[in-house]
Amino acid sequence: MLISRRPHVRLSAIATAVLALEAAGCGIGSKCPDNDPETGAFQGVVKGPDLANARKDGNTDAERCEAACRVVADEELDEIVTCEVIGPADDPDHPWAEGVEELTVTCTATFTPHQFCTGRRPQGHHEADIVVQSRPAWFAVHAHLERAAVTAFRELAEWLAVRGAPASLVARCREAAADEVRHADALEALARRDGAEVPPARADPPADDLFAVACHNAVEGCVSEAFAAIVAAHQAGHARSLELRALFSRLAADELRHGQLAWDLHAWLWDQLTSAQQTALAELQARALADLPVSSRRAAAATPRELGWPGPDHAARMAELFAGRLRAAAGLAA
Ligand SMILES: [Fe+2]
Ligand SMILES: [Fe+2]
């Protein structure tokens, strides 16, 4: 049964709990699945942008070897135990020299089997027609979504100002729009560098109705964007290149603020709804949380591993943890 009470959610506490449980390999409740670290051997050829990144990511040859090992491994590695590279036949002692076009890396490492969204779309958003099967396409879709989030926050700030919302909520939406411009620019640059074009963000005019805005915020902000913050935090710790880890670290901090803004906005909107609308809103949000593990599993399956997402099973488990914590904090039904 749904409890229609004014939701009060501290997202940072939930994000911290989800990431800590996920790092410990825990599922719902107190039961942890059997996923002790394993040791595996990996070998492969590193070349092109991967080789350039590995060369850049390490200060010593040992660190460069570890970066290359993370490229060839098909798991998210915990600790690299041994690592060796074989360079070109004509200069085998200097595999990391500029001009070397490819090298072979052999390494052993421990990894934890089973490893793990997108942000806020505006009302009336038109989905981009791109199939995500590669790193360039992933950057293109996410740059598109970040650009769409700029529109979402600008529209929201304008709507809130007209409705006489607290000035702090309006200001936070404007700051969030500025954050989303930076996110979109950064991801678009990566998409272009990989040769992908970013489809323009298009949306129909937003609805003016308070209940429609509340429904949109309850799903896109309180669920999608809040979960995106947790995914970005995971990427900050697991993406293969230092460049991407630094980027996702900035995105995670911003998205966590946006997710909290969504919940603070949710509370302000909640007070202006009828009890029937509050019940309908809670049901809508509960459905969005129930759907999150399935959609996260699909998104994880389409995301190249080098970008720091966990595998599909892990993503679904993370979404379940997140949904469980949010339900408890917001008084929502399972
Ligand atoms: Fe963003
Ligand atoms: Fe955001």
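For the single chain, residues carry numbers from 1 onward in sequence order. Read the numbers this way: they start at 1 and go in the same order the structure lists the ligands and their atoms.
Between the OE2 atom of Glu255 and the ND1 atom of His183, the angle centred on the Fe ion (ligand 1) amounts to 100° when rounded to 10°. Of the angles at the Fe ion (ligand 2), the one spanning OE2 of Glu180 and ND1 of His258 is 90° when given to 10°.
Residue contacts to the Fe ion (ligand 1): Glu146 brings an N, O or S atom closer than 2.8 Å.
With sequence neighbours excluded, the residues forming a ring pair (Phe, Tyr, Trp, His ring centres under 6.0 Å) with Trp263 are His266, listed by chain and number.
When the N, O or S atoms of Glu225 are ranked by distance to the Fe ion (ligand 2), OE2 comes first.
SG atoms of Cys65 and Cys83 are separated by less than 2.5 angstrom, consistent with a disulfide link.
Side-chain contact between Arg135 and Leu244 is present, with at least one heavy-atom pair separated by less than 4.5 Å.
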Tell me which donor-acceptor pairs under 3.5 Å the side chains of residues 160-175 have, and how far apart each pair is, sequence neighbours excluded?
unit_1 : atom_1 : unit_2 : atom_2 : d
Arg163 : NH2    : Asp208 : O      : 3.0
Arg172 : NH1    : Asp264 : OD2    : 3.1
Arg172 : NH2    : Asp264 : OD2    : 2.9

